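Worksheet for the structure shown next.
Note that the coordinates shown come from a computational prediction; the quantities given were computed from them, not determined experimentally.
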Amino acid sequence: MNFKKVLLPFAAGALALGLAACSEDEAANNEEAATEEQAGGEQQSAEEQQAAQEEMQAKLDEQKVADDEVVATVNGEEILGADYNNVLQRTQMQFQMQGQDPTSEEAANQMKEQALNLLIDQTILLQKADEAGLEASEEEIDEEYAAFAEQNGGEEQLTTSIEEQGMTVEELRGQMAESIKFEKYIDQVAPVEEPTDQEIQEYYDQATAQAEEAGQEAPALEDVRDTIVQSLQQSEQQELVTAHLEEIKADAEIETLI
């Protein structure tokens, strides 16, 4: 389940700094000087790194819009900059993790298009879920919230994390309700069946061949069967949802404003 703020599983990682070591003789004769030089070099590297990170972040922030700016409308419903910025930030991180430069003009255009398309698609699907009368019960929300709290260090820790992200428990529960409703609609319009043994075996054989080519040992089928089933079902459902979106978007009134 994806949430806009508090559930982002991203964290900035520190890069390791290192300096060439002095030889044993040099260290013995110039221990104090070498220590001072090393400390100075580490400080300079850290300062340069910090400056580069700040420059990168400044360029990424320039791609964002005002939180109250309307970035698109879907059947008259407005999508605001606050939601766009959250999706854009995740997309920027994904580009960086893939080794791409998110500050280039080409990447900026790609990320903007991806973020807008994702928000538009989600908005249309949620509108259809509302039309279908789908709702999340308090019991379903309670169950989802309890499970999420357990995954994140307990309710007290989760509450702290929520507050640090500028959210409230009620806002989080509201997002969970939307997500539950969204999932209900997807299951309704894109139901998937259990893959056959033959489909599972073919998937496993292909994955095993790829692992062997990479010099890796593949796990036994029984150890990964559940994962394969989930992957096949997700792939099939994604195809069905994509086809469904093409149909309903053809009749929707969509306007992008950035």
Polar side-chain atom of T91 near backbone of V87 as donor-acceptor pair, under 3.5 Å: yes

Under 3.5 Å donor-acceptor, N85 side chain and V65 backbone: yes

Verify same cluster id: V224, Y203 (apolar side-chain graph, 4.5 Å): yes

Check: N86 main-chain N/O paired with Q89 side-chain donor or acceptor under 3.5 Å: no

Donor-acceptor contact below 3.5 Å, side chain D83 vs main chain I79: no

Student check: side-chain heavy atoms of Q96 and M56 closer than 4.5 Å: yes

Atom pair CD/CD of E62 and Q57 - distance to nearest 0.5 Å: 11.0 Å

Check: K184 side chain, E135 main-chain N or O, donor-acceptor pair, under 3.5 Å: yes

K181 and E140 ion-paired at < 4.0 Å: no

Between Q127 and N75, a side-chain donor and acceptor under 3.5 Å: yes

Connected via hydrophobic side-chain network under 4.5 Å: V74 and V241: yes

Path from L257 to M111 over hydrophobic side-chain contacts below 4.5 Å: no

Expected output: side-chain Q92 to main-chain L60 donor-acceptor under 3.5 Å: yes

Heavy-atom donor-acceptor pair, N152 side chain to F148 backbone, under 3.5 Å: yes

Enclosure of E113 CD (heavy-atom neighbours >12, cutoff 6.0 Å): no

Side-chain H-bond candidate by donor/acceptor type, D205 with Q201, under 3.5 Å: yes

Side chain proximity check, V229 to E194, heavy atoms < 4.5 angstrom: yes

Over 12 non-hydrogen atoms of neighbours within 6.0 angstrom of CD in E106: no

side-chain contact (heavy atoms from CB on, under 4.5 Å) assessment of V71 paired with L80: CA-CA 6 Å; V71 299; L80 297 180; over 6 Å; no

Smallest separation among heavy atoms of T103 and Q63, with atom names: CA-NE2, 3.9 Å

Any side-chain heavy-atom pair of E55 and K59 under 4.5 Å: yes

Atom CD of E222: over 12 foreign heavy atoms under 6.0 Å: yes

Sub-4.5 Å side-chain heavy-atom contact between I141 and I180: yes

Distance (rounded to the nearest 0.5 Å) between T159 OG1 and E155 CD: 5.0 Å

Side chains of Y145 and V169 in contact at under 4.5 Å (non-hydrogen atoms): yes

Donor-acceptor pair between E202 and Q206 side chains, under 3.5 angstrom: no

Side-chain heavy-atom pair R225, Y204 within 4.5 angstrom cut-off: no

Full working for side-chain contact (heavy atoms from CB on, under 4.5 Å) between I254 and T73: CA-CA 6 Å; I254 302 171; T73 60; over 6 Å; no

Greater than 12 external heavy atoms within 6.0 Å of Q233's CD: yes

Member of E178, E138, E143 meeting the salt bridge (charged side-chain N to carboxylate O under 4.0 Å, His left out) criterion with R173: E138

Non-hydrogen side-chain atoms of F182 and L134 separated by less than 4.5 Å: no

Path from L240 to L126 over hydrophobic side-chain contacts below 4.5 Å: no

Verdict with reasoning, K249 to D121, per side-chain contact (heavy atoms from CB on, under 4.5 Å): CA-CA 8 Å; K249 287 176 77 172; D121 290 350; 3.0 Å; yes

Under 3.5 Å donor-acceptor, E255 side chain and A72 backbone: no

Criterion side-chain contact (heavy atoms from CB on, under 4.5 Å) against Q122, the qualifying member of I124, I120, L125, L118: L118

Value rounded to 0.5 Å, distance of CD1 in I186 from NZ in K128: 13.0 Å

Main-chain N/O of S231 paired with S235 side-chain donor or acceptor, under 3.5 Å: no

Heavy-atom check, side chain of F95 versus side chain of Q110, under 4.5 Å: yes

Over 12 foreign heavy atoms within 6.0 Å of CD, E199: yes

Q230-D226 side chain donor-acceptor pair, cut-off 3.5 Å: no

